[in-house]
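This one's a predicted model, so the numbers in the text were calculated from it and none came from an experiment.
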Amino acid sequence: MELAWRNSPLERMHAGGGLRGRGPSDGEMFAESVTLHRAAKAALTREFGLLEFEDHVLDRHRPWAAGGRTLQEMGYGSLGAFTKHVRGWTNVLLAIRTHGHRLLLAT
């Protein structure tokens with residue numbers, strides 16, 4: 001979860017206040033981080049949990065843990081980059097789960 005969250009376009013929206021100055025606040029980032037950590041731990045025990053978690057993270061209309069604002073409201077202008085970032089890390093994690101140590105041997 002941290003790979004998809006930290007140093008992502010979402011962090012840049014937070015630091016810069018988003019394209020329209022409406023990026024997530026410190027409190028919103030903290031509360032959502034805690035909530036997503038719990039959701040990730042629960043999701044990863046299920047067969048398709050990682051993909052379900054990806055859908056949860058990228059849901060533009062889901063109210064965040066603090067304040068109830070949505071990703072759509074906070075991420076105007078940066079959502080495409082955030083989606084690409086999260087999906088890229090999801091694909092890496094799926095490959096590791098599928099191929100495990102063989103990925104390290106191929107390099």
side-chain contact (heavy atoms from CB on, under 4.5 Å) between L10 and V86: does it pass, once the steps are laid out?
-> CA-CA 10 Å; L10 185 62; V86 170; over 6 Å; no
After noting the C-alpha distance and the side-chain angles of E11 and M29, does the key distance pass the side-chain contact (heavy atoms from CB on, under 4.5 Å) rule?
-> CA-CA 9 Å; E11 280 282 342; M29 290 291 286; 3.8 Å; yes
Apply the test side-chain contact (heavy atoms from CB on, under 4.5 Å) to residues R62 and L71: give CA-CA distance (whole Å), side-chain angles for both, the deciding distance (0.1 Å), then the verdict.
-> CA-CA 7 Å; R62 176 183 58 81; L71 191 58; over 6 Å; no
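In this structure, OG1 in T90 is found 4.0 Å from CD in E54, a value given to the nearest 0.5 Å. For the atom pair T35 OG1 and F30 CZ, the distance stands at 9.5 Å (nearest 0.5 Å). Interatomic distance, F82 CZ to R87 CZ, rounded to the nearest 0.5 Å: 11.0 Å. One finds the CG atom of N91 at 9.0 Å from the CG atom of L50 (value rounded to the nearest 0.5 Å). Atom CD of E52 and atom CD of E47 lie 9.5 Å apart (nearest 0.5 Å). Within the model, atoms CG of L36 and CH2 of W64 stand 7.5 Å from one another, a figure rounded to the nearest 0.5 Å.
Taking each heavy atom of K41 and T45 in turn, the nearest pair found is O-CG2, 3.7 Å. The shortest heavy-atom contact between G68 and P63 is O-CB, 3.6 Å. The minimum heavy-atom distance linking G27 with A66 is given by the pair O-CB, 4.1 Å. R46 and A42 get closest at one heavy-atom pair: NH1-O, 3.3 Å.
With hydrogens and angles disregarded, no donor-acceptor distance shorter than 3.5 Å links the side chain of H85 to the backbone of S8. Judged by distance alone, the side chain of R69 and the main-chain N or O of G23 form a donor-acceptor pair under 3.5 Å.
R60 is not listed as a side-chain neighbour of T70, based on a closest heavy-atom distance of 4.5 Å or more.
L93 and L44 fall within a single hydrophobic cluster, where Ile, Leu, Val, Met, Phe, Trp and Tyr are joined by side-chain heavy atoms under 4.5 Å apart, directly or via other members.
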